[in-house]
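For this chain, numbers begin at 1 and follow the sequence in order. The figures here come from the full heavy-atom set of this structure, side chains too, leaving out hydrogens, waters and symmetry mates.
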Amino acid sequence: MQVKKVGELLIEQQLITSEQLSEALELQKVFPDQPVGQLLCKLGFIKESDLSLVLDHKNKRQKLSDILLKENIVDQQKLVHAREISKDNSIPLGKALLKLHYIDEEQLAKALAIQYDMPFVKVEAQNLDVSVARFISAVYAQKHRIAPISKIGNTLTLAVAHPLRQQEVSELEDNIRLKIISVISTETTINNVLKRLYNIDMGGKASASDEVNLDIVPDSIVELLSKSSASDEPDIEEETKKVTEKDSVIVKLVNKIIYDAYMSKASDIHIEPYPGKKDVVVRTRVDGQCSVYQKIPYKYKFAIPSRIKIMADLDIAERRKPQDGKIDFKKFGPLDTELRVATMPTVGGMEDVVIRVLASGDPLAFKDLGLTERNLSVFHKSLESPYGLILVVGPTGSGKTTTLHSGLAQINTTYRKIWTAEDPVEITQVGLRQVQVNPRIGFTFAVALRSFLRLDPDVIMVGEMRDEETASTAVEASLTGHLVFSTLHTNSAPETVTRLLEMGLDPYSFSDALLCVLAQRLARRLCKDCKETYNPDQAEIEEIIDEFGRDSFSRTGIDSADIVMARAVGCDRCGHSGYRGRIGIHEVLDGTDKLKGLVKRKADADIIREQAMQDGMTTLKQDGILKVFQGLTDLLEVRRVCIK
């Protein structure tokens with residue numbers, strides 16, 4: 001069904017003529033930011049009340065969220081978070097955004113003005129003529145949060161924080177016998193006007209940003225720390241007792257640390273207390289790099305770890321041995337995220353806490369993995385195999401699970417039964433049957449894998465091959481008609497093959513099962529807003545070609561004279577680091593017949609690497625350098641994450 005435009009609806013309702021619409025459209029060429037409806041009102045062809053009635057009736061209003069995104073006032077992540085707050089606390093989206101400090105009052109008012117085709121005005125209360133107060137009663141103005149700001153002829157202009165319903169406007173016009181024009185203003189402005197005109201102080205009333213109490217948002221870290229007196233360092237027992245009673249400053253402080261880490265897309269939070277009167281250092285890891293988030297007074301050095309342990313249901317009296325647990329943060333604040341907590345006793349009777357912020361959510365799109373054309377082709381070909389073994393390898397935090405889930409999403413159809421065993425389950429997909437292993441009760445990856453084989457699977461994903469039992473069971477499963485995915489902590493794709501052979505796998509079974517090995521790293525991506533492109537000099541180009549390998553470089557077909565690179569600069573959006581986000585660097589070993597022959601003979605990693613490169617594999621560093629040439633990252637980052 002074709003959706004009718006505003007002008008067509010107004011003509012259909014016989015509120016304007018075709019000629020009037022044409023005139024408004026011509027005027028819109030001069031004022032492209034002005035909606036057609038507002039231009040028709042300014043030309044005097046239609047009343048604002050009639051326009052509003054048609055827009056509301058036909059659902060032609062833009063969504064507030066769409067306006068805020070279009071104007072680059074908020075991003076999608078903040079909008080999703082605000083929607084959750086709005087839903088959980090039964091407040092409008094605009095008020096949730098205000099409370100979370102994602103937008104200010106003026107930005108919200110301007111967005112509402114666009115949404116309702118109304119002008120936005122700034123009003124100086126002290127400059128108003130107080131005589132306009134007689135047209136609207138104080139009770140009515142206070143109830144509806146409206147303020148008269150001027151009267152010209154028989155037209156009264158009202159400032160409103162949110163548009164009145166058309167029926168209310170009509171009734172008010174009948175009562176005061178004046179025509180009303182409404183304009184959008186901020187709530188603070190309206191409060192100031194009401195105070196001047198009627199001596200009504202709305203300051204004590206609940207404003208948009210105070211109607212819902214969200215513990216984690218109201219204060220900055222500095223404000224929270226300034227709330228407690230500078231008393232002497234308390235003893236352990238006193239501090240623990242205070243925390244168990246949920247001291248409000250400690251609760252808010254821990255919530256704020258977690259909240260800020262989540263919003264800055266940090267993967268880990270490190271709480272580092274020191275003996276004596278040294279400050280507690282809180283560091284966060286963003287895009288793989290640790291930096292100091294805040295230094296907190298030493299008197300909190302027992303309180304903060306104890307509060308986190310309470311949240312994770314750990315024993316707060318036990319400070320002599322490590323503990324680990326999980327926090328469902330939804331219980332403590334308006335973030336639907338899970339945290340993994342690990343504690344470690346340190347010198348001086350202190351206790352460090354490291355919190356992993358689990359990036360739960362949907363799988364990354366396959367095309368967004370950043371694989372080169374050849375790597376994508378090999379990986380995709382392996383995914384389409386009816387059976388076999390696909391391995392994704394790399395150090396902790398290199399994005400292996402994300403890559404595996406992107407691959408699973410490609411083959412996740414109603415025709416395939418897919419079982420996954422993970423620790424923990426971070427990414428969820430509809431259609432997958434996902435299981436979280438629990439080694440404490442003997443439910444290991446190996447046990448889960450053996451159980452899966454009795455559940456009629458087509459595809460199996462094992463979170464990690466930690467031992468020979470898991471690896472050999474996975475190989476057996478891949479040879480009995482199942483497509484098996486798994487991860488391993490190794491440095492490169494060729495080393496993965498030799499590591500598994502050293503574990504004790506049968507080389508003949510393993511070689512038959514192997515489809516591909518994808519090794520990966522994550523390098524920081526150059527900030528799109530401030531990166532600076534440049535043409536490297538000949539000495540730098542020669543150095544890069546030597547690192548790439550001259551023979552390999554000649555096969556790429558890249559002309560060294562055409563090489564353009566980029567360097568980090570730094571701006572407000574990237575925290576003046578020059579980097580924002582991360583990009584994958586990969587090497588994909590294809591399980592060709594020649595390579596499988598080497599596996600059967602238990603060849604060394606160097607020989608396997610040489611054969612894999614003859615089959616078209618680019619090493620991690622080579623793939624990184626190719627991404628440097630695309631301006632996605634720089635050579636410093638590639639050298640940092642790739643050894644050779």
Side-chain angles (χ1 to χ4, degrees), residues 85 99-101 210 212-264 266 268-284 292-320 322-346 348-357:
I85 302 304
K99 182 60 187 175
L100 291 164
H101 304 306
D210 295 327
V212 57
N213 178 30
L214 303 179
D215 260 348
I216 68 169
V217 183
D219 306 296
S220 70
I221 270 288
V222 177
E223 288 169 345
L224 282 168
L225 294 175
S226 67
K227 282 189 176 181
S228 87
S229 59
S231 59
D232 291 334
E233 180 181 4
D235 63 21
I236 293 173
E237 289 75 23
E238 178 193 338
E239 192 68 18
T240 302
K241 181 182 175 185
K242 191 160 71 172
V243 172
T244 55
E245 292 168 357
K246 296 187 178 179
D247 178 272
S248 62
V249 173
I250 304 296
V251 170
K252 287 184 177 182
L253 188 59
V254 172
N255 284 352
K256 184 65 176 170
I257 291 168
I258 294 169
Y259 173 80
D260 284 353
Y262 178 87
M263 295 316 296
S264 64
D268 300 87
I269 306 165
H270 298 256
I271 314 288
E272 301 167 351
Y274 291 88
K277 296 191 175 183
K278 291 182 181 177
D279 289 343
V280 178
V281 177
V282 180
R283 295 196 287 167
T284 56
V292 175
Y293 158 73
Q294 188 71 41
K295 289 188 176 180
I296 295 172
Y298 68 90
K299 62 183 173 178
Y300 293 113
K301 65 186 178 185
F302 299 118
I304 291 174
S306 294
R307 171 60 190 165
I308 294 168
K309 285 161 79 174
I310 288 169
M311 294 167 75
D313 291 325
L314 301 177
D315 182 359
I316 64 168
E318 179 57 76
R319 294 189 178 84
R320 299 166 301 168
Q323 297 184 68
D324 60 87
K326 289 176 183 172
I327 298 172
D328 183 1
F329 196 65
K330 194 164 49 175
K331 298 174 184 175
F332 304 97
L335 291 178
D336 188 5
T337 188
E338 190 176 315
L339 311 168
R340 203 162 54 191
V341 177
T343 69
M344 176 62 71
T346 51
M350 298 296 103
E351 196 171 23
D352 272 36
V353 181
V354 177
I355 302 171
R356 166 63 59 91
V357 183

Are Asp268 and Arg356 side-chain neighbours, meaning at least one heavy-atom pair lies under 4.5 Å?
-> yes
Who passes side chain to side chain contact (heavy atoms under 4.5 Å, CB included) against Asp352, sequence neighbours left out?
-> Glu272, Pro273, Thr346
Report yes if some heavy atom in the side chain of Val281 is under 4.5 Å from a heavy atom in the side chain of Tyr274; otherwise report no.
-> yes
All side chain to side chain contact (heavy atoms under 4.5 Å, CB included) counterparts of Pro322, not counting sequence neighbours | Met344, Pro345
So do the side chains of Ile308 and Ile258 get within less than 4.5 Å of each other, counting heavy atoms only?
-> no
What closest approach, in Å, do Gln323 and Glu318 show between heavy atoms, and which atom pair accounts for it?
-> NE2-O, 3.1 Å
Between Glu338 and Asp328, is a side-chain contact (heavy atoms from CB on, under 4.5 Å) present by the stated rule, with each step listed?
-> CA-CA 5 Å; Glu338 190 176 315; Asp328 183 1; 5.6 Å; no
Quick one: does Lys301's side chain have a donor or acceptor within less than 3.5 Å of a partner on Gly276's backbone?
-> yes
Determine the minimum heavy-atom distance between Val280 and Pro297, stating which atoms define it.
-> CG2-O, 4.1 Å
Can you check whether Val357 reaches Thr337 side chain to side chain, under 4.5 Å on heavy atoms?
-> yes
Supply the atom-to-atom distance Leu314 CG to Thr343 OG1, rounded to the nearest 0.5 angstrom.
-> 6.5 Å
Indicate the atoms forming the closest heavy-atom contact of Asn255 with Phe329, along with that distance.
-> OD1-CE1, 3.6 Å
Are any of the side-chain heavy atoms of Tyr259 and Leu100 separated by less than 4.5 Å?
-> yes
Can you find a heavy atom in the side chain of Leu339 that is under 4.5 Å from one in the side chain of Ile269?
-> no
So with a 6.0 Å cut-off around CZ of Arg340, is the heavy-atom count from everything else above 12?
-> yes
Not counting sequence neighbours, which residues clear side chain to side chain contact (heavy atoms under 4.5 Å, CB included) with Pro275? List them please.
-> Met350
Which pair of non-hydrogen atoms, one from Tyr300 and one from Pro305, has the smallest distance, and what is that distance?
-> O-CD, 4.1 Å
Provide the closest heavy-atom pair for Val254 versus Met311 in the form atom of the first, atom of the second, distance.
-> CG1-SD, 3.8 Å
Roughly how far, to the nearest 0.5 Å, is the CD1 atom of Ile304 from the CZ atom of Arg307?
-> 11.5 Å
